Amino acid sequence: MWYNTSAIEIGGGAFMVTGSQQSQQNQRKVQGWLMDEGWQVGEHHEDTLLWALTAGDQGGRKITVGQPRDRADMIIIQAGVHTDDGIRRKIAGMGKQERNQFYFDLQYALLQMGVEYAGIGDPFERLVALQRIYSEALNRDVFIQRAILVRNAQVMIFLKIAALMNEGVEMTQSPVWV
């Protein structure tokens with residue numbers, strides 16, 4: 001086989017980097033890039049991930065970055081918003097057509113931004129936006145652009161909920177950045 005999926009050959013075969021070593025290198029790169037950009041970075045543990053980091057920007061918004069155990073070639077960048085009881089009550093009290101329009105507008109805006117998402121449904125408790133980046137494209141510029149895109153999707157979700165609650169952009173207590 002001309003391609004070994006468990007190792008990447010570097011320097012004409014004189015040095016082999018195993019999948020585990022590559023994963024550790026990816027983690028160090030990502031952590032360094034986030035810290036260089038002023039994010040506060042910490043480790044996060046999840047059984048489905050080889051490694052995971054949480055990163056918070058200066059505005060208190062948080063993203064999670066991790067590498068799935070079953071996909072050594074992929075890194076996932078995600079951010080979410082949890083809704084509190086007041087938001088859930090407001091949505092539940094809306095008419096069906098108005099509620100469906102809110103969900104449609106939210107999904108349409110996420111699709112326009114170019115992010116994947118999960119969590120829209122009744123009851124609306126947590127919405128997550130995410131981007132994937134593959135090893136072949138993992139460089140500082142691409143990674144930071146995608147991290148910012150995910151963070152901006154999180155802000156857009158927050159603003160849509162704030163508008164729904166008629167609280168404007170100064171709403172700080174909820175939803176909660178996750």
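Since we're looking at a predicted model, the values are computed, not measured.
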Given side chain to side chain contact (heavy atoms under 4.5 Å, CB included), test L127 with L106 step by step and report yes or no.
CA-CA 10 Å; L127 181 57; L106 189 54; 3.5 Å; yes
With a 4.5 Å limit on heavy-atom distance, are the side chains of L53 and T64 in contact?
no
Nearest heavy-atom contact between L34 and A55 is CD1-CB, 3.9 Å
Kindly indicate whether the side chain of L164, heavy atoms from C-beta on, has any atom under 4.5 Å from the side chain of M94.
yes
Indicate the atoms forming the closest heavy-atom contact of A72 with S135, along with that distance.
O-OG, 3.9 Å
Which heavy atom of R99 sits nearest to which heavy atom of A92, and what is that distance?
NH1-O, 3.6 Å
Which heavy atom in P68 sits nearest to a heavy atom in I76, and how many Å separate them?
CG-CD1, 3.8 Å
May I ask whether V81 and F104 are part of the same hydrophobic cluster, defined by side-chain heavy atoms of I, L, V, M, F, W, Y residues being less than 4.5 angstrom apart, directly or through others?
no
Give, for atom CD of Q154 and atom NZ of K62, the distance between the pair rounded to the nearest 0.5 Å.
10.0 Å
Between H82 and E125, is there a side-chain heavy-atom distance shorter than 4.5 Å?
no
Treat each ILVMFWY residue as a node, draw an edge where side-chain heavy atoms are under 4.5 Å apart, and state whether I77 and V41 are in one component.
yes
Take atom CD of Q107 as the centre, draw a 6.0 Å sphere, and report whether it contains more than 12 heavy atoms from other residues, nucleotides or ligands.
yes
side-chain contact (heavy atoms from CB on, under 4.5 Å) partner of I157, chosen from I161, L159, V155:
I161
Worked verdict on N166 versus K90 for side chain to side chain contact (heavy atoms under 4.5 Å, CB included)
CA-CA 11 Å; N166 295 317; K90 172 83 173 188; 3.9 Å; yes
Any salt bridge (Lys or Arg N to Asp or Glu O under 4.0 Å) involving residues 67-79? Give me the pairs, sequence neighbours left out, ordered by first then second residue.
R71-D73
I63 and T54: side chain to side chain contact (heavy atoms under 4.5 Å, CB included), yes or no, with the steps?
CA-CA 6 Å; I63 64 171; T54 57; over 6 Å; no
For V150 and A129, work out which heavy atoms get closest and say how close.
CG1-O, 3.6 Å
Between Q131 and G114, which heavy-atom pair has the shortest distance, and what is it?
NE2-O, 2.8 Å
Atom CG of L110 and atom CG of L130: how far apart are they, to the nearest 0.5 Å?
10.5 Å
Student check: side-chain heavy atoms of V128 and R126 closer than 4.5 Å:
yes
Taking only residues two or more places apart in sequence or in another chain, which ones pass ring pair (Phe, Tyr, Trp, His ring centres under 6.0 Å) with Y103?
F124
Partners passing side-chain hydrogen bond (donor to acceptor under 3.5 Å, both in side chains) against Q145 (at least two apart in sequence or in another chain):
D141
Drop me the distance from I144's CD1 to R151's CZ, to the nearest 0.5 angstrom.
10.0 Å
So the ring pair (Phe, Tyr, Trp, His ring centres under 6.0 Å) pairs with at least one residue in residues 23-58 (sequence neighbours excluded) are W33-F143
Counterpart residues, side-chain hydrogen bond (donor to acceptor under 3.5 Å, both in side chains), relative to D85 (two or more places apart):
R88
Could you check whether atom CD of Q97 has more than 12 heavy atoms from other residues, nucleotides or ligands sitting under 6.0 Å from it?
no
I'd like to know if K160 pairs up with D105 as an ion pair, taking the criterion as any Lys NZ or Arg NE/NH1/NH2 lying under 4.0 Å from an Asp or Glu carboxylate oxygen.
no
Assess the side chains of S23 and Q67: does a donor N or O sit below 3.5 Å from an acceptor N or O?
yes
I'd like to check the salt bridge (charged side-chain N to carboxylate O under 4.0 Å, His left out) partners of D36; sequence neighbours left out, ordered by chain and number.
R140
Separation of E116 CD from L111 CG (nearest 0.5 Å)
10.5 Å
From R146 atom CZ to I75 atom CD1, the distance as rounded to the nearest 0.5 Å:
10.5 Å
dist I87:CD1 -> M165:CE (nearest 0.5 Å) comes out at 5.5 Å
Joint cluster assignment, Y134 & V65, ILVMFWY side-chain distance < 4.5 Å:
no
